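Worksheet: the structure to be examined is printed underneath.
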Amino acid sequence: MSLRFRNSTALLALAAALWGCNREERQTRGKPLGETATAAMPDTVYPGTGNAPAPDPRAAQYEGNASAIAQGQMLYNQMNCVGCHFHGGGGMGVALMDGKWRYGGRIDQIVASIDQGRPNGMPAWRHRLTEQQMWQLAAYVRTLSGQERKDAVSARADEVSNTPPQTQTKREPLMPADSDEQ
Amino acid sequence: MRHEPEFADDLSALRTHAFSYRSLTWWGIIAFMVIEGAFFALAMAAYFFLMAQEQEWAPRPWSPPDLLAGTLFTAVMLLSEVPNTMIKRAANAYDVAAVRKLLPVMSAIGLLLVIIRGFEFNSLNVFWYDNAYGSIIWALLFLHTTHIVTDWGDTLVLWQLMKTPHGEDPRRLVDTDENALYWRFVWLTWLPIYVLIYWVPRLFR
Amino acid sequence: MESLQHGPRQRRADRSRIPPPYPQDQGTDLGVKSWGPEQWKIGGGTVWGWLSYDPVLKLVYYGTSNPGPWNAEQRPGDNKWTAGVFARDVSTGQARWYYHSTPHDLFDHDDINETILVDWPGPNGQRIPAMLRPSRNGYFYVQDRRNGRILSADAYSFINAYKGVDLKTGRLIPAPEKEPKEGRVVRNICPGPPGAKDWNPSAFSPVTGLIYIPHLNICMDMGAKNANYIPGTPFVGADVKMYAGPGGNRGVFTAWDPVARRKVFEIKEDLPLWSPALATAGGLVFYGTMDGWFKAIDARSGKLLWQFKTGSGIIGQPISYRAPTGDSTSPCRRASAAGPERSSRPISTNAIRPPRSASSTQ
Amino acid sequence: MKSAAERAKLPPADVPRDGPNLTGEELETKLSTTWSNPPGFVGWLSSVDHKDIGRRYVITALVFLALAGVLAIAMRLQLARPDNDLIGAARYNEIFTMHGTTMMFLFAVPVMQGMQIYLTPLMIGTRSNAFPRLNAFSYWMYLAGGLLLWIAFVLNVGPDVGWFAYPPLSGPQFGVGKRVDIWAQMITFTEVAALAAAVSLTATILKQKAPGMSLARMPIFVWATLVTSLMVIFSMPSVALASGMLLSDRLVGTHFYNPAERGDALLWQHLFWFFGHPEVYIIFLPATGFVSEIVATFSRRSIVMYPIVVMSLVATGILAFGLWVHHMFATGLPRIGYSFYTAASMSVSIPTGLQIFCWIATLWEGRPQLKVPLLYVIGFIFTFVIGGLTGVMIAAVPLDLQLHDTYFIVAHFHYVLIGGAVFPLLGAITYWFPKATGRLMSETLGKIAFWMIFLGFQLAFFPMHIAGIYGMPRRVYTYPAGMGLELPNMLSTLGSLVVSTAVLLFVVNLVISARSGRRAAPNPWGAPSLEWATSCPPPPYNFPHIPLVSSRTPLWDAGEKLPVVHGLRVEDRELVLTTVMSAEPDVREPSPEPSPWPLIGTVATTAMFVCSIFSPWAVLVGVVPVALALTAWFWPKSPRLSGSL
Amino acid sequence: MRREGLLALLCLSGCSGAQTAFGGQGAEDANFIQLFTVFMIVCTVMYLLVSAALIVAVWRRRRTAMVVEDCNHQATSGVVRPALIGWTALIAIGLTALTLVGFFTDRSNARNGSHPQLKLTVTANQWWWDVEYDWADVSKSVRTANEIHLPVGIPVEVTLKSNDVIHSFWIPNLAGKQDLIPGRRTDAQLLPRKTGLYRGQCAEFCGTQHAQMALDVTVESKADFEKWYGAQLQTAPVPKTPLQLAGYRYITTRECASCHNISGTSAGGQVAPDLTHFASRRSIAAGTLPMNTGNIYGWVADPQSQKPGNHMPTIGLKADDLHGIVAYLETLK
């Protein structure tokens, strides 16, 4: 085999390796042992047109990660989020499949909403869920409005069919966090 | 020990092409038919298996598929057997001119069928992601659609091929004969699927 | 139903001295025994909806709500005192009798609907103090309000979730093929969770002797699943998809003759009827629809006399009163749904629980 | 030589043909120029010579055998001690899935089909397989499927749900990410490859037998090939449909396997095992073909009761489709159905019992020469019969309920697959190595390798019976101490090390003998069948003149001179078609020339399949290049007489 | 054929294992051992026949062989045909006999399980078992996890269902395995004949931690069973010491209550093992670790290191919370 051919295949394999290996990584332990339970969550709700705070480093670990989204889907059912938010359509709770996020649609902003709770009935889950679980839940919630990559999302859950397959949900444009429109 | 050849009989007089079971490609086409036949038979077995799981077939509130598009498709398909038989006879009679006239007709019929199939897909009254009933109905229709489209593609390629000087080669007539045979297989497999998609959901309401 | 952290306030084990009408309700501590261990504490069965009071018998009648969670497999047993009707002594609060209309409720069929107290023509001419109730499970109960015995129980709407009410034992006969099992959906269960008629009360007209029932015609697919109990979150455990029942209409306005036990006339409405009815002496019956039409129909024939388009869906109670002008025909006022118009789902100021629109699931 | 166009117009009389006036050296040079591949790397890629394709199939399959073998060693090292932490749970699950999938889909079936593609034309006396381009397409699709799976494994996106991928574990909710999609798509590749090869082999056997070779005179290996190919044609669509439905469940949200929407998890098991059980016979029957050929040659006599052996092959092929539910005895189906499948599973061992009788009778009647291939056959009989008998045991429901999904089953199927298929394969490779390379493998190295493999195998896999009875379930990455499993697992690990060194020795023997083994005469073993009538290695056109067959053992009955037929064109690729039953010459069939289009078609199909994992629209968009490639593949090149397939 | 004889022959190391198909303590498993013995005998005889024939065929030295060198490689001696008929008859009879024996064993198993006096429902989840004892009087039902107590000699019917993927309920000492399939209800019959401590394990690959999904089975006398059952009916004891109170307060208000249930407290989670009588069990996390204080500490502090990939998160507890939790958990006898 000519030298050039061998080099090009090596390069190709390296590039492919970088693409592949983190998207399916199962991180089983969210937090190294011994750290305090939940570091104070920076409040990422910012009024008016202030610039958004720097994104949280943990976001990259959970966004578009298939195993985090699958865990989030399981927690979404188990922690009774379905009871209020249904399957994204909303009922007692707000709808999660539209792009309207009054308290911010970024993953760390959603984690803040889960952690601190929000008016009109959203309970605060701080100390009732671990931080890793909240991030997994936020990762799943973002898939309801099609924010995540389609190849990290599962088409359906093993339950009654309630929405079109998630691999085909349109990506909703994120409304700016402070838009007053409902 | 190296064997010396002892010449028995001379085969130079044998013909270089033959129709039906004497042709090699005929056995190839039959093998592909058996494969796709097994595919359809298993898909229908899955259909009945899922029907047994459901309490009511065409489960409420999904109403059974509308009949118009499906029945129109079946009618046109059965009518297409007339030009299909004519092409087969023409090919067997080495009538290249007739074949060159009929192939565009078959291609047009193929196009018409594909268009009707488009209407069929949105007359099913159920989506593939609604329930297992919807999934198997869409699967059966999708499988047969790949079947129709591939054979329509073959007919188009054959039509273009026959227009070129290659059309004179008698082997191309053997190909036309076998393509006509395969077309017959396509609408033979459609009949049970038509009953399963359009009529069975009506009987068990 | 929303689960409460420290268990339902209403229920406590009753030592009623007079035995309830039917053997299924007799026994001690049934409120605890008919549940799994500790499950009665998170089992729901609170009180909401309509109360009636009989000054002569000095009894208060009210219904109890559905057991929690909706997934019946998680709470085996009859789940006593839920989805039934209590009759209590108004001064001491002791339960005189209790009738369990939907034991081991599968489909969120609370029994909180209104109980209309009437004098029922008894067999040999004497008057029986009875009570009429178009229940959520789809049966029109006529009971003797002294001891709760069932006089008649007929379906006033299309029902396939149950097979009927056994008048001897008073027990609802279930339909086993419609019982939801965890992990597998059961389809075409009629009536759906809001019941054959939700909380909106019907109206009895002494003039025509008919009961005017504005109710629903909604069926559902229901998939049960393991419900997790976290105080402050809905304790449901069921995926429900609701759709129109047979006939394609989601609402029906029925005039029911309780004595002849049959439907006199019915008006098919496209949207489910969540508005209460009002029957007046002038032979008029009023009700409203979800798309804002306030309708008046003739009490005997059911012919639509006039209708008036209001600003939002009507779930308020139309009332009539005599105006000071002394006019014979009493003009009527109706309380339309007040409150902010939110994504076309009217929230009435006095509604306890926002009704579920046809498409959302629980 | 005239250009193809002029040759087409020549009157038939003066077209050069082989025969008494054109034979020997001059004929062979003309034929080799007609039948050899175009020069250079592109020529190598567009080869349609069944010998090239067969050799590539076998070599690629052996590479995958080695890779899966390394994974097997990793698993054995992890299981050597209780509560071992050499390999984590997730990684171990990936490894056992890759081991199972590679062995079943990328080694066992392809290596058998590779041997069949290589040997069938030589054994029935023809110059090429029926649809040579389809054959080339089959190999490229197989290679693409194998690369897809292993590149994914290297990129940590390998499947981890077992080689059978039961939903709902492999379903959209619990089969997280793209792992199972890649597994299911690999199934589509290997199934297309196997079906294409089966169609080509069936047509070859039915239509291109040498004149005079009626069905009753076909070698038993060719019978085995025919039965296996028909089994592939009937069983592969089942796994294709099942994996297609799994892919649509996972990618577009259909509900085939979702019990909540009235689908069913058992639908997958029915469809998968309807393919699964015939597949293990697709792997086993060619091995019986090898054994019949080796036993006949090394007993110096023809097989005893040829009709019984052939009928046993056909009976096994048919019965194999009737007993798939014995994989599902523990799923709570009605018990009456189970007793039917117990009886069917028991009855399938009768034909195999007859075949073993006939082999032993042949050895009894003949004068066995204990060469390496015969040693492997004897090792096969000793090992396979144990596997067959444990198979009879687990066919009974009460036994299977205890032994199902334990290491007893792991022992059973390794006995019937390694014992039943790999031993005869190693014997067959040693037997036909001289024909393929022109050199003999060394006997001493061969014998050492055989005894190490045979004894190492028993040491590795017999203790697994004990481990299974002692309650060790399958697919566990570790087991607790104190259950009596320490000793069997340690023995198995030692045994597996012995077997792996022996296989290494076998490969060394292969490589050394290919370069410097003793030169082989055309028929080094004195075998009876036609492939030994031509030189070692055979020329591109296999036979200068197509032989005329008059008995089951042509070379033994032909004496000095081999009767041949002649009159085939020399400057165009041509072979003779004969009637199916009695093989009378019927048609002179032109055979397609080499073409790069099968490879280009494979690249287009691969692009479509792989991209369809990531977006369903790729199926519609990807069809266009595939259609263009196939059209170019079938479009006849020069206005010659030759057909296009 | 005495069963002990066969056992001595076959088990190399100690065979009184807690999880072995050769235990024989259950009715179905005893039938299994007898049937296995019959099959072993018949199969060994057949194997010896084949091996003998093969060895003789290869190593017999004789003058006249029908080989190609003597130009009569087609001929076969007269004995071959009758031998074939005999061999076929032998196989057919052997297989029919084995099938019938198997069929009768199956019927006797069905008879054993026909009148169950104790009903259980086992629900499999990803990587733990949820066990419920069902009685006509529902308020007497008991819910526990990863362990089963059975009275000896009483036929038991276990209804099997699954919340996620396919698992397999298998206690080799007592009976064969049955799969637990989501959306379906299957059932298994147990009839324990001998008291003892046994171990069952999931036998169908069910995901990352399939290997550590075991359940402890205790077969005891009727009296002991009644005593155990009475204890299981009680709600959790009230915490006494301040450390236990701190643990109680943490568990019932923080992460633990979202998943676990402790009857008698406000912790009502239904999606993880029931902890009401946690300390009375023989192992932690479905047979992963034996029950002792050190293991409780190790498990609660960092479950992902003991059973990587399971659904119990590592909370990263502070030291005093951890002490409190373990102290309270140990009171849940």
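Keep in mind that this is a model prediction, so the values were computed, not measured. Numbered from 1 within each chain, the chains take letters A, B, ... in sequence-line order. Just the heavy atoms: all of them, side chains too, but no hydrogens, waters or symmetry mates, feed the values below.
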Please look at [X] and chain D and tell me whether the side chain, the backbone, both or neither of the residue comes under 4.5 angstrom of a heavy atom of that chain.
X	result
B:T150	neither
B:I30	neither
B:E36	neither
B:D154	neither
B:Y133	neither

At a heavy-atom separation under 4.5 Å, does [X] approach chain B through its side chain, its backbone, both, or neither?
X	result
D:T23	side chain
D:S238	both
D:V576	side chain
D:L241	both
D:L548	side chain
D:F274	side chain
D:H545	side chain
D:M245	side chain
D:V623	neither

Side chain of D:R262, backbone of B:L50: donor and acceptor closer than 3.5 Å?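 Not at all, since once roles are kept as given, no pair shorter than 3.5 Å links the two residues.
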
Given 3.5 Å as the limit, does a donor-acceptor pair link the side chain of D:H255 with the main chain of B:Y129, or not?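 Looks like yes, one N/O pair under 3.5 Å.
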
Select, from B:I136, B:N131, B:V149, the one with the greatest count of heavy-atom pairs under 4.5 Å involving chain D. B:N131

Heavy-atom pairs under 4.5 Å with chain D, option from B:E168, B:H17, B:Q55 with the top count: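 Counting heavy-atom pairs under 4.5 Å, the top option is B:Q55.
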
Output the option from [options] having the highest count of non-hydrogen pairs under 4.5 Å with chain B.
options	answer
D:G263, D:P563, D:A627	D:P563
D:P585, D:G253, D:P20, D:G24	D:P20
D:V565, D:T631, D:L630, D:T204	D:V565
D:T202, D:T579, D:L195	D:L195
D:V199, D:N258, D:L267	D:L267
D:R588, D:E574, D:E261	D:R588

Quick one: are [X] and [Y] in side-chain contact, heavy atoms under 4.5 Å?
X	Y	answer
B:L11	D:I546	no
B:R172	D:P636	yes
D:F634	B:V157	no

Inspect the surroundings of [atom1] in [X] and state if more than 12 heavy atoms from other residues, nucleotides or ligands are less than 6.0 Å away.
X	atom1	answer
B:F127	CZ	no
B:R89	CZ	no
B:F19	CZ	yes
D:L628	CG	yes
B:Y21	OH	no

Grab the two heavy atoms, one from [X] and one from [Y], that are nearest each other, plus how far apart they are.
X	Y	result
D:G567	B:D10	CA-OD1, 3.4 Å
D:D586	B:R15	O-CG, 3.9 Å
D:I233	B:A38	O-CB, 4.5 Å
D:A203	B:L24	O-CD1, 4.1 Å
B:W27	D:K207	NE1-CD, 3.3 Å
B:F39	D:A240	CE1-CB, 3.6 Å

Do B:W138 and D:V252 pass the side-chain contact (heavy atoms from CB on, under 4.5 Å) test, and can you show the C-alpha distance, the side-chain angles, and the key distance before you say yes or no? CA-CA 12 Å; B:W138 275 76; D:V252 290; over 6 Å; no

With salt bridge (charged side-chain N to carboxylate O under 4.0 Å, His left out) as the test, would you mind laying out the steps for D:E589 and B:R171 before giving the verdict? CA-CA 10 Å; D:E589 178 79 7; B:R171 297 191 58 75; 2.8 Å; yes

Could you tell me the separation between the CZ atom of B:F32 and the CG atom of D:L134, rounded to the nearest 0.5 Å?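 It is 5.0 Å, given to the nearest 0.5 Å.
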
